[in-house]
Amino acid sequence: MAKNKTSKMTKAEKSWIMYDWANSVYATNIMAAILPIYFSAVCGASGQNGDIWWGYGTSIATAVVAILAPILGAFGDRSGMKKKFLGFFIVLGVVFTASMAFTDNWKLMLVGYIMSYIGFAGANVFYDSFLTDVTTDERMDRISAWGYAMGYIGGSTIPFIGSIVVLLVMGMSNPLAVKITILITAIWWAVFSLPILFNVKQEHYGEEKKSVGATLKGLIVTLKDIFKNKPLLFYIIAYFFYIDGVNTVIHMATSYGSTIGLNTVGMILALLVTQIVAVPFSLIFSKLSEKFGSLQVIGFGICMYIIICGVGFFMGQTVEAEQIPLETRFAQEISVAADEASLTLTEDASKEYFDKLVNDEAEGLIVYTQSLFASSDREQDFADYISELNIECKHVEGISSAEKLALRSAVESLGKIGTQFLSEENMSDYDRAVSTGSLLFWILAFLVGTVQGGIQALSRSYFGKLVPPEKSNEYFGFFDIFGKFACVIGPALYSAVRQATNRPSIGLISLVLLFTIGGIALIFAAKVRNKADKSNADVNYAN
């Protein structure tokens with residue numbers, strides 16, 4: 001490729017930048033903001049905890065990409081293969097993103113999310129590597145920065161705002177509105193991916209076909225070198241843990257918020273604030289690193305994330321303090337009413353089957369009512385739900401007409417308890433707790449925006465200072481694998497703790513473990529780096 005000595009960007013450079021504009025909408029609409037909230041609602045209607053399954057799904061998808069990355073890289077080094085792999089993963093991501101708009105089955109949506117995330121992350125592996133093909137070493141920083149800017153400011157914000165408008169106009173609880181935003185994501189991603197697919201060519205590739213075995217051997221050699229380089233070893237351990245925590249916060253924020261009943265509109269608008277705040281604070285972090293040093297500023301970022309987890313825990317505790325007793329009392333009242341309803345057919349031979357029907361309706365009623373706690377029109381939504389249940393009772397098979405009437409009577413009795421329970425007077429303390437939680441979520445969104453972009457940018461640049469320049473490609477390949485594995489432990493940790501305790505707030509505070517381990521490893525990285533620098537200085541002085 002001829003060197004471009006002018007300030008004007010080439011078609012290939014512009015096309016490469018445009019892909020960040022194309023795929024960033026996936027990060028906001030699908031990974032962070034809209035889909036996690038909708039998925040939690042769909043799971044809630046099915047009696048499942050959406051945040052738990054969302055966490056496991058994220059871990060699975062990230063682990064798959066991390067494992068495949070070195071193998072894909074080996075084949076991607078061959079002539080013409082990089083573009084084919086890029087195209088394959090873009091199509092995979094776009095198709096499975098769009099597929100989620102055509103189902104309300106939470107299991108199918110989870111599969112769609114996992115596969116679309118694999119497409120998104122897999123395409124990024126080859127997109128990043130195309131940077132060396134589209135520009136020169138002298139222009140690389142500039143082109144890379146433009147890609148980041150276009151993705152953060154344009155690709156994320158414009159379609160995100162468009163999606164918010166659709167949701168506000170059609171109603172945040174309208175499934176069709178969410179499906180339209182999913183399709184907006186898929187179409188935006190597909191259309192703006194065309195420039196890179198048509199205008200970018202693979203300029204660099206290996207002369208010989210590199211086998212998977214050879215790639216793995218190269219990774220082992222690099223790994224051995226890292227173990228010998230103590231400052232680098234401690235830093236990469238620190239990076240692995242704290243960046244896992246950072247990515248988990250990004251992925252789980254709205255899912256966590258919707259689980260504890262926060263307002264959907266407020267959370268999405270708050271995340272828009274995160275997007276806006278992140279850009280200037282990324283530049284501020286860069287300036288601070290010049291004055292105080294990269295490790296010190298990264299350490300500050302880790303401390304901020306521990307504070308963020310603490311605020312998130314307090315936010316969850318505030319809502320749970322009202323939510324859990326409310327849910328427990330409601331479940332007890334419904335269970336008592338269900339038992340009383342069953343007594344009406346004590347002498348009937350099919351009482352056991354009838355009891356099961358009543359209890360099934362009662363359990364479904366409990367799950368659905370809890371999902372309505374944060375609804376702005378929960379009493380009307382609940383009334384519609386009871387009407388639908390009454391209609392369904394007419395079509396129950398295996399019981400007599402008298403039993404059908406008794407079942408409908410039981411449903412109406414349960415419905416009266418639910419209506420009374422969801423009244424504004426009964427829910428007043430819970431509503432106040434949710435209002436406090438919503439305010440804390442806005443504070444969290446701002447705090448995340450102040451550190452998210454900065455800690456990611458400094459992490460990459462500091463790693464570049466530690467690696468030998470002549471082997472930077474190998475080391476950054478290893479760094480990329482660690483980056484892909486990040487966000488495997490965090491979501492799984494959150495989901496496991498949440499599942500074991502049935503407390504979303506405890507699931508969130510468990511992430512402090514990742515930041516603590518990362519922070520301790522970072523301290524050791526600084527100490528061994530200072531020791532190594534002092535040793536080198538003594539040697540140079542002696543010479």
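Taking the side chain as every heavy atom from C-beta outward, L92 and F120 never approach each other to under 4.5 Å. In this structure, E320 and R503 have side chains that are in contact, with non-hydrogen atoms separated by less than 4.5 Å. Looking at P195 and K14, their side chains never come closer than 4.5 Å, going by heavy atoms from C-beta outward. In this structure the side chain of K230 never reaches within 4.5 angstrom of the side chain of R529, judged on heavy atoms.
Taking CG of L493 as the start and CG of D244 as the end, the distance is 9.0 Å to the nearest 0.5 Å. Taking CE of M315 as the start and OG1 of T436 as the end, the distance is 11.5 Å to the nearest 0.5 Å. I306 contributes atom CD1, which lies 4.5 Å from atom OG1 of T516 (distance to the nearest 0.5 angstrom). A distance of 10.0 Å separates CD1 of I237 from CD1 of I226, quoted to the nearest 0.5 Å. For the atom pair L514 CG and I517 CD1, the distance stands at 6.5 Å (nearest 0.5 Å). Remark: I164 CD1 to T28 OG1 distance equals 9.0 Å, nearest 0.5 Å.
Between the side chain of N247 and the main chain of I243, a donor-acceptor pair closer than 3.5 Å is present. Checked by atom type and distance alone, the side chain of Q452 never pairs as donor or acceptor with a backbone atom of G449 at under 3.5 Å. Side chain of K11 to main chain of N199: no donor-acceptor pair is present (N/O by atom type, distance under 3.5 Å, no hydrogens or angles). Looking only at distances, no side-chain donor or acceptor of K83 sits under 3.5 Å from a matching main-chain atom of K201. The closest donor-acceptor contact from the side chain of S59 to the backbone of A492 lies under 3.5 Å.
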- [ ] Quick one: do Y19 and W189 satisfy side chain to side chain donor-acceptor pair (under 3.5 Å)? Show the steps, please.
- [x] CA-CA 8 Å; Y19 184 69; W189 187 1; 3.1 Å; yes

Open item on the list: For N29 and S163: C-alpha separation, side-chain torsions, deciding distance, then whether side chain to side chain donor-acceptor pair (under 3.5 Å) applies.
Closed with: CA-CA 8 Å; N29 282 12; S163 299; 2.9 Å; yes

- [ ] Test side chain to side chain donor-acceptor pair (under 3.5 Å) on T97 and Y26 and set out the steps.
- [x] CA-CA 9 Å; T97 298; Y26 181 90; 5.0 Å; no

- [ ] Using the side chain to side chain donor-acceptor pair (under 3.5 Å) rule, take Q499 and Y56 through it: C-alpha gap first, then chi angles, then the decisive distance, then the call.
- [x] CA-CA 11 Å; Q499 198 168 29; Y56 285 140; 3.1 Å; yes

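When the options Y117, W53, Y113 are evaluated for a side-chain hydrogen bond (donor to acceptor under 3.5 Å, both in side chains) with T58, the one that passes is Y113.
Note on ring orientation: taking the six-membered ring where Trp is involved, the planes of W16 and Y127 are parallel (angle under 30°, cut-offs 30° and 60°). Taking the six-membered ring where tryptophan is involved, the planes of W188 and F192 are tilted, since the angle between them lies from 30° to 60°.
The ring pair (Phe, Tyr, Trp, His ring centres under 6.0 Å) test applied to F234 returns F524, not counting sequence neighbours. With sequence neighbours left out, the ring pair (Phe, Tyr, Trp, His ring centres under 6.0 Å) criterion links F441 to no other residue.
Sorted by first then second residue, the side chain to side chain donor-acceptor pair (under 3.5 Å) pairs that include residues 293-308, not counting sequence neighbours, are S294-K465.
Residues I196 and S15 approach most closely at CB-O, 3.7 Å, considering heavy atoms.
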